[in-house]
Amino acid sequence: MAQLTLERLTKDFGPIRAVDGVTLTVENGEFLALLGPSGCGKTTILRLIAGFERPTSGRVLFDETVMSGPGVHVAPEQRRVGIVFQSYALWPHMSVADNVGYPLRVAGVNARDRREPVLDALTTVGLESLAARRPADLSGGQRQRVALARCLVMKPRILLFDEPLANLDVHLRAAMQDEFVDLHRKTRTTIVYITHDQAEAMAMADRIAVMSDGRIEQAAAPETLYDQPETPMVGNFIGEGVIVEATLTQAPVEGHGRARVFGHECTVRAGNRVTRGPVRLCLRPEALRPDDGHGFVATVRRTSYRGGIYAVEATAGGAEVPVRLWLRRPPAIGQTLRIAVDDGWVIPSV
Ligand SMILES: Nc1ncnc2c1ncn2[C@@H]1O[C@H](COP(=O)(O)OP(=O)(O)OP(=O)(O)O)[C@@H](O)[C@H]1O
Ligand SMILES: [Mg+2]
């Protein structure tokens, strides 16, 4: 197990800057999710950590040891990282046990000495009873667990996951998420887990680094990302937030100020550095509610049933700004609502 440090890490592919000055520390034993839209550089960061790519500039360190940097490049097989992809890449002609023992065999460990670590790894993922099966006779989730056991058998210092559950159905995904969290609890291995699914990141990770265009927008605990997004992109990407223009009419005192949004006065949360004047406000669906007496005027554009509630998209203000809220009964399309704001967060970035 190791602490992972990325220092001003940059990777260019010709004219494309895939990773752009990323600085990040993943603590020993931490479960960090790298979250971001397609093409933002997640896999490239993972390949840089594993040593499959050399950085254009910057450094990768495991604890105090430089793995990649100017004049240094430790080979992937010497880094002791385990990687799990969405394709399992198991050998079809080998049993489960032989697949799991394969990395040890390649490393020159004889059959007798392989037996115990293989059984340990299979036990950790709950597959000890299936050791003699072939991959073809397993379910998708079981195959993914074999791939995981094959990583664990090498006692990795860092475990890297690249969207390992992308191929599985919703129910199996949820079950596997629980298993990954259990595995992390049991082994306390440092984990970097790539996903573009924010619900998955929130459910599993101690901390989430949100990426966009090769950069890290914000790295924080899931609750902090949700309640206090630092940039509009994070507010938008996490938790169906919408970002609207507003005016801060009263500077924050102990975290709360007053704002005017679409002509409606409301109390909002803000950091102490925020000053009066134009601001951008992050509004969550659950913080908006219909209120006949107060609130701003919005027109319903779309509704979709989410089981128990309807997600409603409405537009507000002369500029036709979209907002989202949840209602128990579906409003009619084109209907006018008055919406009160119970809570909002002032985005601190300029
Ligand atoms: N070997 C390569 N040669 C050229 N460009 C590359 C190479 N690898 C990645 N890129 C580019 O770098 C950028 C980041 O790619 P990367 O695979 O890291 O994204 P990602 O966040 O993992 O996306 P996804 O969620 O779709 O897997 C993209 O624009 C991609 O086209
Ligand atoms: Mg990728």
Side-chain angles (χ1 to χ4, degrees), residues 4-26 31-60 67-69 73-77 79 81-89 140 143-144 147-148 151 156 158-170 172-173 176-177 180 190-205 207-220 222 225 229-240:
L4 168 68
T5 305
L6 310 180
E7 271 179 11
R8 293 186 297 280
L9 197 61
T10 294
K11 179 66 186 178
D12 294 337
F13 293 108
I16 296 166
R17 179 147 290 186
V19 176
D20 189 3
V22 164
T23 294
L24 179 73
T25 300
V26 186
F31 190 138
L32 178 110
L34 257 187
L35 175 68
S38 183
C40 72
K42 304 181 295 295
T43 296
T44 304
I45 287 193
L46 190 133
R47 292 174 56 79
L48 286 162
I49 297 169
F52 299 136
E53 302 282 358
R54 287 165 187 259
T56 304
S57 61
R59 303 200 299 173
V60 176
M67 291 286 141
S68 302
H73 187 79
V74 176
E77 60 275 14
R79 296 192 180 200
V81 296
I83 309 183
V84 183
F85 302 98
Q86 58 175 269
S87 65
Y88 324 112
R143 275 178 222 163
Q144 192 56 279
L148 193 56
C151 280
I158 298 175
L159 256 181
L160 305 174
F161 292 88
D162 194 350
E163 311 231 12
L165 305 180
N167 283 338
L168 305 181
D169 72 53
V170 182
L172 192 50
R173 274 180 92 130
M176 288 299 291
Q177 283 169 15
F180 287 164
T190 309
I191 291 180
V192 178
Y193 188 103
I194 290 181
T195 178
H196 57 252
D197 178 345
Q198 51 141 327
E200 185 164 291
M202 293 244 187
M204 301 171 75
R207 214 154 49 102
I208 301 174
V210 181
M211 282 191 71
S212 162
D213 273 339
R215 293 166 178 271
I216 291 184
E217 295 264 322
Q218 186 175 1
L225 285 180
E230 271 172 16
T231 68
M233 184 269 168
V234 175
N236 229 309
F237 197 72
I238 304 272
E240 301 188 69

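When a ligand or atom number is given, it counts from 1 through the structure's own listing order. In what follows, every heavy atom counts, from backbone to side chain, and hydrogens, waters and symmetry copies are set aside.
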**Student:** Considering both backbone and side-chain atoms of K42, is one of its nitrogen or oxygen atoms within less than 3.5 Å of a nitrogen or oxygen in ligand 1?
**Tutor:**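 It does: an N or O of K42 is found under 3.5 Å from an N or O of ligand 1.
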**Student:** On a heavy-atom basis, I'd like to know which of S38, S212, G214 is closest to atom 26 (O) of ligand 1.
**Tutor:**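 That would be S38.
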**Student:** Which residue holds the protein heavy atom closest to atom 17 (O) of ligand 1, what is that atom called, and what is the gap in Å?
**Tutor:**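 Minimum-distance protein heavy atom for atom 17 (O) of ligand 1 reads T43 CB, 3.7 Å.
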**Student:** Which N, O or S atoms belonging to the protein are less than 2.8 Å from the Mg ion (ligand 2)?
**Tutor:**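 Metal shell, protein only: T43 OG1.
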**Student:** Measure the shortest side-chain to side-chain distance between T231 and N236 over non-hydrogen atoms and say whether it is less than 4.5 angstrom.
**Tutor:**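 No, side chains not in contact.
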**Student:** Keeping the roles fixed (side chain from Q144, backbone from P164), state whether a donor-acceptor pair exists under 3.5 Å.
**Tutor:**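 Confirmed, Q144 side chain pairs with P164 backbone.
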**Student:** Would you mind checking which non-hydrogen protein atom is closest to atom 18 (O) of ligand 1, with the distance to 0.1 Å?
**Tutor:** T44 OG1, 2.6 Å
**Student:** Can you tell me how far OG1 of T190 sits from CG of L160, rounded to the nearest 0.5 angstrom?
**Tutor:** 10.0 Å
**Student:** If we ignore hydrogens and angles and just use 3.5 Å, is the side chain of K42 paired with the main-chain N or O of L35 as donor and acceptor?
**Tutor:**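 Side chain of K42 to backbone of L35, a donor-acceptor pair under 3.5 Å: no, none is there.
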**Student:** Within the 4.5 Å heavy-atom criterion, are P55 and K11 side-chain neighbours or not?
**Tutor:** no
**Student:** When rounded to the nearest 0.5 angstrom, what distance separates CD in E163 from CG in L34?
**Tutor:** 10.5 Å
**Student:** Any non-hydrogen side-chain atom of F237 less than 4.5 Å from a side-chain atom of Q218?
**Tutor:** no
**Student:** Look at atom NE2 of H196 and say whether more than 12 heavy atoms of other residues, nucleotides or ligands are closer to it than 6.0 Å.
**Tutor:** no
**Student:** Which residue from P15, G36, A18, A166 reaches closest to atom 12 (O) of ligand 1 through any of its heavy atoms?
**Tutor:** A18
**Student:** Quick test: of every protein heavy atom, which one is nearest to atom 4 (C) of ligand 1, and how far off is it to 0.1 Å?
**Tutor:**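 The answer is F13 CB, 3.3 Å.
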**Student:** What is the nearest protein non-hydrogen atom to atom 14 (C) of ligand 1, stated with its residue, atom name and distance?
**Tutor:**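 Residue, atom and distance for the closest contact: G39 O, 3.4 Å.
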**Student:** In terms of residue, atom name and distance, what is the protein heavy atom nearest to atom 31 (O) of ligand 1?
**Tutor:** I16 CD1, 5.0 Å
**Student:** Residues in side chain to side chain donor-acceptor pair (under 3.5 Å) with Q177, at least two apart?
**Tutor:**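 Once residues adjacent in sequence are excluded, the partners of Q177 under the side chain to side chain donor-acceptor pair (under 3.5 Å) criterion are E200.
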**Student:** Got more than 12 heavy atoms from elsewhere within 6.0 Å of CG, D213?
**Tutor:**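 Not more than 12 within 6.0 Å, no.
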